[in-house]
Amino acid sequence: MTDQMMMNVKPNQLMKATLQTETSTMVLLLLLLQLLSPLLLSCVAASAGPPRHLPPCQVVQMDVFCSDRSLRSAPVDLPQGVQLLDLSCNQVQNLTRETLAYHTGFYHLNLHANRIHFIQPGLFRDMTELKVLDLSKNHLSVFALSKVSIGPLTAVESLDLSGNGLYTGMSEYFLEESPSLVNLSLNSNSITKIAQNTFSGSSSLEKISLHNNVILEIEDGAFDSLRHLTELDLSKNSITCITDFNLYNLKVLNLSKNSMELFHSASSSQLYNLLNLDLSENKMLYFPFLPRTNVLQYLDVSRNHIQSFNVSGNPEKRANVFLTQLQYLDMSYNRLKTIPETFFCFMRSLEVLNVSNNCIGSFSLTVEGLLPTVKIINLSFNSLQTLTFGENSLPSLEKLFLQGNDLTTLDHHVFQKLPSIKYLQLQQNNLKICDSQQSPYDPELTEQNQVNPPDCVSLSSVRSLHFLYLSENNLQNLPANAFANTPLKLLDLSLNPGLDMDKDSLRGLEHSLVHLLLRENNISSLHTDLSLLQSLKHVDLSTNQLTSLPVWNRESSIESLNLQNNNLVTLDSSTMVALEHSLKTLYMGSNPLNCCSNLGFLNMVQRLAVVVPDIETVTCVHEDFSEPVNIEKLTEGMCQASSNSAYVVVVVVLVLLVVTMVVALLVKRRRSRKRKPNISFRA
Ligand SMILES: *[C@@H]1O[C@H](CO)[C@@H](O)[C@H](O)[C@H]1NC(C)=O
Ligand SMILES: *[C@@H]1O[C@H](CO)[C@@H](O)[C@H](O)[C@H]1NC(C)=O
Ligand SMILES: *[C@@H]1O[C@H](CO)[C@@H](O)[C@H](O)[C@H]1NC(C)=O
Ligand SMILES: *[C@@H]1O[C@H](CO)[C@@H](O)[C@H](O)[C@H]1NC(C)=O
Ligand SMILES: *[C@@H]1O[C@H](CO)[C@@H](O)[C@H](O)[C@H]1NC(C)=O
Ligand SMILES: *[C@@H]1O[C@H](CO)[C@@H](O)[C@H](O)[C@H]1NC(C)=O
């Protein structure tokens, strides 16, 4: 026995020896740092501001708030019976009875972001009410170097020691006697190893956070004494593998951002309570070996190097693990080439499946009722060639993301097999859209049907589909009735330059379509009558070659219209009138508008009847100016100037006319006067 103990002690003594030589230099260094760089602290304002003008602490009932006041200790006049003291972001260095003005009745002490490097041992012994103690962002590694324990944390349930520069073996000085401790944060320290005895003084722990340390090693049984432990955050460390994982009571385990190559549960059939396992951002080549008897709900293995579903190259092992409670599965950013359908067997609770950003070439789910509860499947950014769904294999699927797959051919009616599909992202593929299924008795249409390219996909009669994204598909044409019996609310056809839309292509969407996006399609004139779409509210026609507005020959319901970057010269005034009733937002920049032929539009803008968010770039061409004029600087007067000169001409002509008439009259009179005597003479 003694021999063994000696063996155990020896390395410790070695450690001590090396540590002690370093201790004094470390202390000096740290103190120097503190003295020289107060600005490095998180509470810059506190140390920089002049202390004199700082307001006194705020007192709310029994709670005292003294954050950020350049204090070295608590105010001496703390009210009797103070329960919460917030001294965060101050300059406390020594934490003693005196610093706390000899009060002991605290419930909550917040000392976050001070410069504490010394704690009076036994300080918390008599604080029998103290439940929450925040010592984060201090210099407690300096204290730990003195190898003195802070003494019992009699009642403390929540302790925050994050950001204190603590390294391996130091946390023990704070935890040795903490029987009530439930929540512990050791985040952002420099711990490299969790030793067997690390938590032996804090057996009530339920939640431990060790995020952002450099943990390389966890000694066998380090967490064994913690019967109540349910949450363990080991994210952002340097753990390379977990073998024989056997924390049966754990509910949440976060191993994200480590260097894990392997996760292997103990091969026992005992029930694991684990609900949430995050293994994202590691280096696993294989799917983790999960507990056989599990209730796992959330599993994230995204951003690993998983190539296959075999566990450690052994295909039989996985077969015993059924993930019947799993609701969320993220396998995105891996190297999967295929996913066998059998992988999903018994996943009868799965709701979200993310397998995007892999190299999957073909995906099929054909077994009836295979994934009865799946609502979201994200297959975006793979290299899908084929996609197959069986009737009723995905009865609940609402959202399907297939963006960025280069899909060219699809089973014509693949989407009709998804009875609940609402949201379909198909952008960045190479699809062709079929004409809607034609009635056999209509000979003309049947003929058209034969014209359908053989590799098109049908988007008509997808009875629940509301949102459809088809941008960047190199779509050449959109046949008539392409979306018949599909109650689309949003249709994005942007970035298909040269898209030829049949004038009846949107037929069937008269009462449903609200958003229509036709950005960057090189459209010079729209053949489709948008005014038939009675629910349409938002239209994006930006970056096309439009020379005239689409015609609205009835009262429109359009609320926002984007006409940016087209070739519009004159805005048809009757269309503007039709639009004005409903239009709230109009984008109009980068068009070669003519100034004086669009006074109706100018009027609209000036009366603030419509918001033009890009007004800065809305310019028009005026013959009197060499540069385009900003529409805001244009006045009606500038256009009346030319009509004024016309007016002058008219006036001049009129005056001339009157003058000539008068002259003519005078001449006539004089003549008649001359005649008069003649007449009288005659008389
Ligand atoms: C902190 O306490 C130590 C030891 O009790 C003492 O030597 C030191 O002067 C104190 N520093 C301050 C700033 O009170
Ligand atoms: C422990 O942490 C959990 C989750 O952060 C929180 O809900 C709970 O109130 C905390 N318990 C204590 C005693 O601070
Ligand atoms: C695990 O930790 C990472 C990094 O801190 C965090 O982003 C992630 O949300 C955590 N996972 C869970 C499931 O809480
Ligand atoms: C995977 O997809 C789901 C659903 O689309 C999403 O909520 C999740 O954030 C994605 N995962 C990553 C790593 O982006
Ligand atoms: C699909 O998953 C990727 C991560 O792989 C994510 O970035 C993307 O946002 C997800 N798509 C949706 C629509 O949730
Ligand atoms: C856009 O249309 C014009 C004719 O209107 C044509 O000359 C041009 O090549 C088209 N550009 C693209 C990218 O289709």
Side-chain angles (χ1 to χ4, degrees), residues 136 160 162-163 183 185-189 191 206-215 230-239 242 250-260 263 273-282 284 288 290 295-306 325-336 339 347 350-360 363 371 373-384 387 394 396-405 407 421-429 465-472 490 492:
S136 57
D160 195 340
S162 56
N183 281 354
S185 171
L186 283 163
N187 292 348
S188 306
N189 281 293
I191 299 165
E206 290 175 14
K207 180 181 168 185
I208 304 175
S209 296
L210 285 156
H211 168 78
N212 194 21
N213 277 277
V214 271
I215 299 170
T230 52
E231 237 182 294
L232 182 55
D233 185 354
L234 289 165
S235 60
K236 210 165 180 226
N237 277 287
S238 310
I239 302 167
I242 300 261
L250 210 57
K251 289 190 172 152
V252 180
L253 175 58
N254 196 339
L255 283 162
S256 172
K257 301 187 185 174
N258 277 276
S259 309
M260 298 269 297
F263 178 89
N273 287 304
L274 195 63
L275 298 174
N276 186 324
L277 176 59
D278 191 344
L279 290 165
S280 60
E281 297 189 55
N282 278 289
M284 294 192 301
L290 299 167
V295 288
L296 200 61
Q297 291 177 356
Y298 176 105
L299 176 61
D300 190 348
V301 290
S302 63
R303 297 182 197 270
N304 275 280
H305 307 319
I306 300 176
Q325 310 292 309
L326 195 64
Q327 292 168 12
Y328 182 98
L329 175 57
D330 194 341
M331 301 194 288
S332 61
Y333 297 96
N334 275 288
R335 297 172 185 172
L336 294 167
I339 306 183
M347 286 196 192
L350 195 65
E351 290 180 11
V352 180
L353 171 65
N354 190 347
V355 282
S356 82
N357 291 279
N358 278 279
C359 330
I360 301 168
F363 187 81
L371 289 171
T373 53
V374 161
K375 291 200 172 77
I376 300 177
I377 296 184
N378 188 344
L379 273 161
S380 53
F381 301 105
N382 277 285
S383 32
L384 282 182
L387 179 68
L394 291 163
S396 310
L397 188 66
E398 289 174 8
K399 298 186 178 185
L400 178 58
F401 305 119
L402 292 165
Q403 177 179 10
N405 270 293
L407 277 168
I421 191 77
K422 262 202 188 112
Y423 193 104
L424 189 52
Q425 277 198 357
L426 288 169
Q427 66 265 43
Q428 292 172 281
N429 283 291
L465 190 61
H466 289 325
F467 303 91
L468 177 59
Y469 296 81
L470 280 165
S471 57
E472 289 183 84
L490 181 147
D492 187 354

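Since this is a predicted model, take the numbers as computed values, not measurements. Atoms within each ligand, like the ligands themselves, are counted from 1 in listed order. Residue numbers run from 1 in the order of the sequence given.
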I need the nearest protein heavy-atom contact for atom 3 (C) of ligand 4: residue, atom name and distance, please.
N354 ND2, 3.4 Å
Return a yes/no value: protein heavy atom under 4.0 Å from atom 9 (O) of ligand 5?
no
Donor-acceptor pair, side chain of N405 and main chain of Q428, under 3.5 angstrom:
no
Would you check if the side chain of N382 reaches a backbone N or O of V355 as a donor-acceptor pair within less than 3.5 Å?
yes
Just to be sure I read this right, does ligand 3 sit under 4.0 Å from the backbone of V252, its side chain, both, or neither, counting only heavy atoms?
neither
Would you check the N or O atoms of N357, main chain and side chain alike, for any that come under 3.5 Å of an N or O of ligand 5?
yes
the protein heavy atom lying closest to atom 7 (O) of ligand 4 turns out to be Y328 OH, 4.0 Å
Heavy-atom proximity to atom 13 (C) of ligand 3 ranks first, among N276, L279, D233, for N276
Taking atom types as modelled, is there a side-chain donor on S280 or S256 under 3.5 Å from an acceptor on the other?
yes
Please say whether D278 places an N or O atom under 3.5 Å from an N or O atom belonging to ligand 3.
yes
Interatomic distance, L210 atom CG to D233 atom CG [nearest 0.5 angstrom]:
7.5 Å
Please compare D330, V355, I376 and report which has the shortest non-hydrogen distance to atom 12 (C) of ligand 4.
D330
Heavy-atom contacts under 4.0 Å between F381 and ligand 5: side chain, backbone, both, or neither?
neither
So, is K257 polar-close to ligand 3, with some N/O to N/O distance under 3.5 Å?
no
Do any nitrogen or oxygen atoms of N378 come within less than 3.5 Å of a nitrogen or oxygen of ligand 5?
yes
Could you grab the distance from atom CG of D492 to atom CD of E472, nearest 0.5 Å is fine?
9.5 Å
Give the atom numbers and elements of ligand 3 that come within less than 4.0 Å of a heavy atom of H211.
4 (C), 5 (O)
For atom 5 (O) of ligand 5, the protein heavy atom that lies nearest, with its residue and separation:
S356 OG, 2.1 Å
